[in-house]
Amino acid sequence: MHSLRTHTCGELRREHIGHPVRLSGWLHRKRDHGNLLFLDVRDHYGITQCVLDGSSPLFKTAEALRLESVITVAGKVVPRAPGAVNPRLATGEVELPVDALSVQSSAEPLPLQVNSDAEFPEETRLRYRFLDLRREKLHGNIVLRSRVIASIRRRMIEAGFIEFQTPILTSSSPEGARDYLVPSRVHPGKFYALPQAPQQFKQLLMTAGFDRYFQIAPCFRDEDGRADRSPGEFYQLDFEMSFVTQEDVFAAIEPVLHGVFEEFAGGAAVTPAPFPRIPFAEAMAKYGTDKPDLRNPLLIADVTDVFRDSSFAPFATAIAAGAVVRAVPAPDASGQPRSFFDKLGQWAREQGAPGLGYVVLADGGAKGPIAKFVDADRLARLGAATGGREGDALFFVCDRQPAAEKLAGRVRARLGEDLGLVERNAFRFCWVTDFPMYELNEDTKRIEFSHNPFSMPQGGLDALERSDPLTIKAYQYDIVCNGVELSSGAIRNHRPDIMYKAFAIAGYSRDEVEARFGGMLNAFKYGAPPHGGSAPGIDRIVMLLAGETNIREVIAFPMNQQAQDVLMQAPGPVPPERLKELHIKLDLPSVDSGRES
RNA sequence: GGGCUCGUGGUGCAGCCUGGUUAGCACACUGGACUGUCAAUCCAGAGGUCGCGGGUUCAAAUCCCGUCGAGCCCGCCA
């Protein structure tokens, strides 16, 4: 008989009755009746109830075991009495009387309880991650992650993609987030950068003729964390295809995402392919965000013209000065108490708005604080623009367009939530397309790339030469699920001439472009295929499928919000001789902040 | 860099607004009782400088100021 186990703790059934078996696992729970002791032994696969009575010489040892100690038990499987069967346990029809017991590893009293789903502080959970990972939920999330990644990999390979690895020690990318830098010992004063994404490598692989690339790619960005954004590092399903249009990219990845979500969504509805395509400008207008949550049925309407020259002075004057008015409908809100409207107005002020105008459509007319400024004609036009019907309320946001869109988007999200309109048990995908190529930096008044500088401008060189840069769109798209941005992607700019021009508009000279992306630019001078791709975030996909709202719940060893690994104590100091070897002298900020290590 | 919230035995919470008994409850821990439980039950016990520093007060977990830490958000995230 194997010295550690003949079966796993999730394996024993009626058919094993009478078999001599040996199990190893963690002591999950103990029920001590004085002369009868139940031990629940747990491993990755399940839990098996083991039992001893007072006549056993092992009884005292077993009684004294602390939870989470690792033990090995042996005995002959017996059936449970009919009334003692536990239907909630896969192994619940049998139990194991313990004839032999050895302690492989005893546990100290626990800083967090493994056999409970009680909440523990984030710091404790991270410091004792190995304990947290034993707990059912997190353990399950990490298993789910593995299965999701395996499914993605299988589907990508079946779709004809080839998996690659690309360098982790590479060069600093010129745009975007801060890089993590790694000093070179051999080249004093020079640094590698960890890739923010394998962007240039995958484009080089396309130029090398591999046609369809993918990678479960680690990406490193020195940016602050959020609930849905792990600081430091994360994983993307990075893929790229040659000789494709935007529609070809969509058609390639939609079945993969749809398939993975169907496979793991547990019966929740998943948007069938093709996913809706929403141009960026429309997304901002109708949903007030570039990552619309399509589970929320509410649509924002432009009612600027309704309030233009109206007697409601705050709006009318703002409109004359260039503001717009956006309306968010609140279906059947007329029955809501006054406090509902007051609370929403208060919340809007907390968001930085002066307030939230509204009218309630009731008794064939309009009610509410600004209703008296809305005559019958304007009321009819409001109804027509918003689809608002008797019994609905309409909330108004008035500001310059970008701010109005953004706040209206928040109002839409909030109303959808508060009124219980957001679809449950569904994964609703869409593409947001036609992002602007450039945007104006309000602080510097300079034109900057609004997304990826390697995207192909719509209209090509011609557009760059003839159009107002702020009107040019790019073949740039995001995929969004339930209001979570899963990825952005693009048809790339594979033409050096167009690239020089595109960068020139953003203020980069030919020399700068060559200095910064010489490698890729040079490659494009020797025959580059038109190509494009995208890179959905693996962590976010798993987060959605696991029903979690925090990305740390699907990462085995995440960092905290300050980008520290409190389990491994990273980042940490290094001995002076290592710094010397790397030609590095520290120039630390003065200590008066009081912060150490 | 900024805003909000939180910080009370190992852990989760209560007490704080309205200052005044021995800081309370649950889980875990230690000891005891108990032969069919499956969150076992029952009894007892140990464990707290109320994050830290300063101030107000006869008196501070409680009020004030500062500071440190955590989470969430803004900035940032091609």
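Because only heavy atoms are used, hydrogens play no part in the values below, and waters and symmetry mates are left out as well, while side chains stay in. In what follows, every chain begins at residue 1, and chains take the letters A, B, ... in the order their sequences are listed.
- Atom CZ of Phe120(A) is separated from atom P of rG7(B) by 18 Å (rounded to the nearest Å).
- Spacing between rC6(B) and rG10(B) at atom P, rounded to whole Å, works out to 23 Å.
- Following rounding to the nearest Å, Glu233(A) (CD) and rC77(B) (C1') show an atom-to-atom distance of 16 Å.
- Contacts of Ala81(A) with the nucleic acid, taken as non-hydrogen atoms under 4.0 Å apart, are absent.
- Distance CD (Gln561(A)) to P (rC4(B)): 16 Å, rounded to an integer number of Å.
- Distance noted for atom P between rU21(B) and rU62(B): 14 Å (whole Å).
- The Arg229(A) side chain lies nearest to rG75(B) when the options are rC27(B), rU35(B), rG75(B).
- Separating the CG atom of Asp222(A) from the P atom of rG75(B) is a distance of 18 Å, rounded to the nearest angstrom.
- Judged by distance alone with a 3.5 Å cut-off, no donor-acceptor contact links the side chain of Arg31(A) to the base of rU35(B).
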Which atom pairs, one a donor and one an acceptor, fall under 3.5 Å between side chains of residues 107-115 of chain A and the rest of the protein, sequence neighbours left out?
residue, atom, partner, partner atom, Å
Asn115(A), ND2, His28(A), O, 2.9

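- Contact annotation: Gln113(A) side-chain N/O to rC29(B) OP1/OP2 distance is not under 4.0 Å.
- Phe454(A) does not carry Arg492(A) over the face of its six-membered ring by the limits of under 6.0 Å from the centre and within 45° of the normal.
- At rG69(B), none of the side-chain N or O atoms of Gln562(A) fall inside 4.0 Å of OP1 or OP2 (strictly under the cut-off).
- Between Lys30(A) and Asp32(A) there is no salt bridge, since none of the side-chain N atoms of the basic residue sits less than 4.0 Å from a carboxylate O of the acidic one.
- Residue Arg552(A) has its side chain nearest to rG71(B) when only rG71(B), rC77(B), rA70(B) are considered.
- Taking 3.5 Å as the limit, the base of rG36(B) and the side chain of Glu95(A) contain a donor-acceptor pair of atoms between them.
- Place Val85(A) and Asn550(A) on RNA chain B by their nearest nucleotides, and Val85(A) ends up nearer the 5' end.
- Separating the P atom of rA23(B) from that of rG47(B) is a span of 13 Å, rounded to the nearest Å.
- The interatomic distance linking Lys30(A) (NZ) with rU41(B) (C1') rounds to 15 Å, in whole Å.
- With rG71(B), rC77(B), rC34(B) as the choices, the nucleotide that has an atom nearest any side-chain atom of Glu122(A) turns out to be rG71(B).
- In this structure, Asp224(A) places its CG atom 15 Å from P of rG3(B), rounding to the nearest Å.
- For the pair Phe449(A) CZ and rC76(B) C1', the computed distance is 19 Å after rounding to whole Å.
- Residues Ser534(A) and Tyr477(A) approach most closely at CB-CE1, 4.2 Å, considering heavy atoms.
- Using a 4.0 Å heavy-atom distance criterion, Ala227(A) is classed as a sugar-phosphate-only contact.
- Side-chain contact between Met206(A) and His494(A) is absent, with no heavy-atom pair separated by less than 4.5 Å.
- If you check every strand for non-hydrogen atoms under 4.0 Å, Gln199(A) touches a base.
- Nucleotides of RNA chain B nearest to Asn560(A) and Arg221(A) differ in position, and the one nearer the 5' end is that of Asn560(A).
- Evaluated for a side-chain hydrogen bond (donor to acceptor under 3.5 Å, both in side chains) with Asp132(A), the options His139(A), Arg125(A), Arg127(A), Lys137(A) yield exactly one hit, Arg125(A).
- For rA61(B) and rG51(B), the P atoms lie 10 Å apart once the distance is rounded to whole Å.
- If you take CG of Asn86(A) and C1' of rU37(B), they are 10 Å apart, rounded to a whole angstrom.
- Side-chain atoms of Arg226(A) and base atoms of rG75(B) include a donor and an acceptor less than 3.5 Å apart.
- Between Arg13(A) and Glu93(A), no side-chain nitrogen of the basic residue sits less than 4.0 Å from a carboxylate oxygen of the acidic one, so the salt-bridge criterion is not met.
- Side chain of Glu223(A), nearest nucleotide from rC29(B), rG71(B), rC77(B): rC77(B).
- A distance of about 13 Å separates the C1' atoms of rU41(B) and rU35(B), rounded to the whole Å.
- One finds no salt bridge joining Arg414(A) and Glu417(A) here, because no Lys/Arg side-chain nitrogen approaches an Asp/Glu carboxylate oxygen to under 4.0 Å.
- For Arg410(A), whose side chain is taken as the heavy atoms from C-beta onward, the closest listed nucleotide among rG36(B), rC74(B), rC77(B) is rC74(B).
- Here rG36(B) is the nucleotide among rG36(B), rG1(B), rC29(B) with the atom lying nearest to any side-chain atom of Phe38(A).
- With distances taken from any side-chain atom of Ala84(A) to the nucleotides rG75(B), rU37(B), rU11(B), the minimum falls on rU37(B).
- Contacts between residues 48-70 of chain A and RNA chain B, defined by a heavy-atom separation below 4.0 Å, involve Gln49(A), Arg66(A), listed by number.
- Using a 4.0 Å heavy-atom criterion, one finds that Lys406(A) contacts the sugar-phosphate atoms exclusively.
- Among the duplex regions that RNA chain B forms, those built from at least three successive Watson-Crick or G-U pairs under 3.5 Å are B:1-7 with B:68-74, B:10-13 with B:24-27, B:29-33 with B:41-45, B:51-55 with B:63-67, ordered by first number.
- Note that the CZ atom of Arg129(A) and the CG atom of Asp565(A) stand 10.0 Å from one another [nearest 0.5 Å].
- Shown here for Ala463(A) and Ile472(A), the closest heavy-atom pair between the two residues is O-CD1, 3.5 Å.
- A donor-acceptor pair is defined here as one N or O able to donate and one able to accept, closer than 3.5 Å; no such pair exists between the side chain of Asp40(A) and the backbone of Ile47(A).
- rG12(B) and rA59(B) have their C1' atoms separated by 31 Å, given to the nearest Å.
- Using P as the reference atom, rC77(B) and rU11(B) are 38 Å apart when rounded to the nearest Å.
- Taking the six-membered ring where the residue is Trp, His33(A) and Phe38(A) present perpendicular rings, their angle passing 60° and hence far from 30°.
- The separation of rA46(B) from rC29(B), taken at their C1' atoms, amounts to 9 Å, rounded to a whole angstrom.
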